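Read through the structure below, which is laid out as structure tokens, and then see the notes.
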Amino acid sequence: MSSAVTEQIRKEYGAVHAALPASVIEPARRAEAIERLCAQGLPATREENWRYTNLRVLEHVRFAPIETQSQAVPPLPEALPGFVRYVFVDGLLRSGAAGSHPGLTVRSLRTPGPSSSATWGPCPDFPEARLALLNEAFATDALLIEAHANAAPAAIELVFAASAGAQAGASYPRVHVVLEASAELIVLERHMGAPEAASLVNSAVRADVGENARLTHYRLQHCAPRTAWFDTLTAQLAAQARYHLLTVGTGALTARSTVHVRLAGAGAELALSAAALADRQQSHDMYALSEHVAPNTRTTETFRGIASGRARVAFNGKIAVRERAGGSDSRQSLRGLLDGPEAEVDLRPQLEIYTDEVRCSHGATAGKLDQNMLFYLLSRGIAPQTAQHLLKWAFLEDVVAKIECAELRRQIERDLASQMSAAATLKELL
Amino acid sequence: MLKIENLHATVDGKEILKGLELEVPAGEVHAVMGPNGSGKSTLAYVLAGRPGYAVTAGRISFQGQDLLALSPEERARAGVFLGFQYPVEIPGVNNVYLLKAAINAARKQRGEPEVDAFEFLTLVREKMRLMRMDESMLSRGVNEGFSGGEKKRNEILQMLVLEPRLAVLDETDSGLDIDALKIVAHGVNTLRGPQRSLVLVTHYQRLLEHIVPDRVHVLVNGRIVRSGDRTLALELERRGYDWLIGEAA
Ligand SMILES: Nc1ncnc2c1ncn2[C@@H]1O[C@H](COP(=O)(O)OP(=O)(O)OP(=O)(O)O)[C@@H](O)[C@H]1O
Ligand SMILES: [Mg+2]
């Protein structure tokens, strides 16, 4: 089955490759990506780290990028103060303040420009990153964001909107974020789509966080209900770098995010906070590998997932501590909430340690709503549905409360409440 | 106000209440005492309608209506309040939100509009002062990280804000230091009145010095085996329960 799909990919690539922009990715590298992908094969459900992903959707999609750009831009969320917004429709940059902001260079690689010292080397040989090869082969645009050394903190919002149906083709969001030493940047990524969009979205994001730099990275996945969203994020942290990655996923039919963070410099810190809210037939799956290769590095991981209806939510968090990563510290708190007899939550905390002198604590629990809490609220006169909404809300707050930008937090809270059909019962909180 | 007749209740198939009779007229304070495991909390939970506590026989009437026909939230809105022996921590739901939601639920039931924001805060602040609670507790999660005594005060705060008709306080005095006991007792006393009734579950005569009960009942093995005036509590303090357990058997 998988080889039939790779053949399909090869065929579609053959038909369109001549038209793919060389300034985004050179033709030779695209060809190599296709070769590597076909040689390695697509991920399969029998593989340990793909067990919970709905990979069958790949049998029914078109891989070639959408050719004609739709004129329709889906309604965009309210702009946030302080954020500079860039809008991509079906993978192509549609609008955004081109050029430079103080201390910041942002440009689309589709229009050939000055060469940059920032390079996005070929995909690492990280076996889970295979879908990034697909992005590398087909990407029609790429955004390069460079925050220069010691520049003032900046905030950027990237909106990736899908407009077209599955027959029209796929889209390949591609972003490279580079923070030079001591830079500070907030990047907000939104993945969304028009209601009828049923396409494949396969994004690849790479972040290089320089020494003592600080990247806050918010990722909101609220794609249209029929979207298949695949995503590969790789990040490399230099000494004393801090990376806060916070993701909230509510949309898509199937969503899979693959994250690989290398804590490469001493004292680097990763805070990964993720919330998933899935209902009906949705499947949300995240695989996160945090690799400690330098001493005194730290990972703090928080996951909260709610599965309702027949939905499935999975989080597979692996923390690997290599030989030279003495003195490192890792904490994992993974929790799942089963909201209905047919829902499924799978949590897998994994720890792989090759050195002594490390501190780690992890906990993973999945269960139903706490009946004691529920009764306590009822005993105060609160309606059962409101009480349930409140408890689900409180559950996700473990992640949402970590959003420092108040306007963004409110936006996300409103979005979560409406996803839970709780906007009316929780209105006092919104 | 409250009339319980021949109440039988089971938990996980095990019969805990075995023909309990209790009547609390409006305006009175009744104390329920009894050995550990005798069924005091079970009685409190049955009154509040906790799932899992099955009434297999008997009747409970509250202000003339069949209490057992009401769901837990309907009971609360009708004016039944349970002060938990072990108040539950609910991280992420803040105290002030809970108070407001609870008040509004009761108001909605009575066909009244939602509480005015200013009026509400004034009320809550006044009751907090009465309970000597720090206002910062309002923005914290419900009972989250509260000490044992703080949790009990928070129960009483909720009661004062909600002004129930019938309050069942399950060992609200345990875990309180001497000063806190006085504060809590004072709070409870402010709520006493001709149209309200109170059931105090306690192990200690000390609470009853501050909240003087009209009647004292002894619950042993799922039944009220003796009732009397406040001197019964003093007698229990002196003699323990053995003599009553013997009689009950
Ligand atoms: N789920 C259960 N299954 C079986 N027995 C139970 C269950 N829950 C409570 N019980 C039993 O019911 C009895 C009464 O418990 P209850 O909590 O009402 O006692 P209590 O009088 O409040 O005691 P205490 O003074 O210690 O608070 C106890 O023997 C207890 O073990
Ligand atoms: Mg008890």
Side-chain angles (χ1 to χ4, degrees), chain A residues 248 273 275 277 302-306 333 335-337 339 363 365 367-403 406 409-410 412-413 416-417 420 422-430, chain B residues 44-45 47-53 70-84 86-110 114-115 117 120 141-144 151 154-155 157-159 161-164 167-168 170:
Chain A
V248 177
S273 318
L277 183 62
T302 311
F303 175 77
R304 298 291 180 266
I306 302 182
S333 158
R335 288 174 58 197
L337 190 58
D339 181 31
T365 51
K368 299 193 182 102
L369 276 182
D370 186 301
Q371 296 302 304
N372 289 323
M373 294 185 189
L374 206 53
F375 175 65
Y376 191 82
L377 294 173
L378 299 183
S379 79
R380 299 307 182 236
I382 293 172
Q385 200 188 34
T386 307
Q388 289 188 12
H389 287 162
L390 256 180
L391 292 179
K392 288 195 217 167
W393 167 271
F395 182 80
L396 296 176
E397 275 292 293
D398 287 353
V399 167
V400 176
K402 295 189 201 294
I403 300 172
R409 192 173 59 238
R410 271 196 292 277
I412 292 174
E413 287 176 340
L416 287 171
M420 293 195 282
T425 47
L426 300 181
K427 69 177 191 307
E428 286 274 336
L429 293 174
L430 304 174
Chain B
Y45 284 144
L47 288 171
R50 187 179 187 121
Y53 288 72
L70 304 181
S71 64
E73 67 278 10
E74 288 166 338
R75 296 181 197 197
R77 293 173 199 162
V80 176
F81 179 90
L82 169 62
F84 283 67
Y86 304 107
V88 182
E89 295 196 23
I90 315 182
V93 174
N94 77 40
N95 264 308
V96 73
Y97 179 82
L98 173 64
L99 284 170
K100 199 166 183 186
I103 282 200
N104 282 333
R107 291 176 75 114
K108 192 172 170 195
Q109 182 85 359
R110 297 193 294 264
E114 293 198 345
V115 65
F120 168 73
V142 173
N143 294 320
E144 186 181 3
K151 284 179 186 168
N154 199 30
E155 294 290 287
L157 173 73
Q158 293 177 22
M159 178 186 82
V161 168
L162 293 174
E163 302 190 322
V168 181
D170 190 359

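Every value quoted in this text rests on a predicted model; they were computed, and no experiment measured them. Scope of the values below: all heavy atoms of this structure, side chains included, with no hydrogens, waters or symmetry mates. Numbers restart at 1 for each chain; the letters A, B, ... are given by sequence-line order, proteins then strands.
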Closest contact, heavy atoms only, [X] versus [Y]:
{"X": "A:G381", "Y": "B:A76", "value": "N-CB, 3.3 Å"}
{"X": "B:P87", "Y": "A:Y376", "value": "CA-CE1, 4.3 Å"}
{"X": "B:P91", "Y": "A:A394", "value": "O-CB, 3.3 Å"}

Hey, does the side chain of A:R380 reach the backbone of B:A102 with a donor-acceptor pair shorter than 3.5 angstrom? no
To the nearest 0.5 angstrom, please state how far the CG atom of A:N372 sits from the CD1 atom of B:I90. 9.5 Å
Given A:I382, A:L377, A:L374, A:L378, the one that forms side chain to side chain contact (heavy atoms under 4.5 Å, CB included) with B:P72: A:L378
Could you have a look at B:E74, B:K100, B:R75 and say which one has the most heavy-atom pairs with chain A under 4.5 angstrom? B:K100
Using 30° and 60° as the class limits, which term best fits the ring planes of A:F375 and B:Y45: parallel, tilted or perpendicular? perpendicular
Under the side chain to side chain contact (heavy atoms under 4.5 Å, CB included) rule, what do A:S379 and B:F84 come out as? Steps first, then yes or no, please. CA-CA 10 Å; A:S379 79; B:F84 283 67; 3.4 Å; yes
With a 4.5 Å heavy-atom cut-off, do B:E73 and A:P384 have their side chains touching? yes
Using heavy-atom distances under 4.5 Å, tell me whether [X] contacts chain A through its side chain, its backbone, both, or neither.
{"X": "B:A48", "value": "both"}
{"X": "B:R50", "value": "both"}
{"X": "B:Q158", "value": "side chain"}
{"X": "B:K108", "value": "neither"}
{"X": "B:E114", "value": "side chain"}

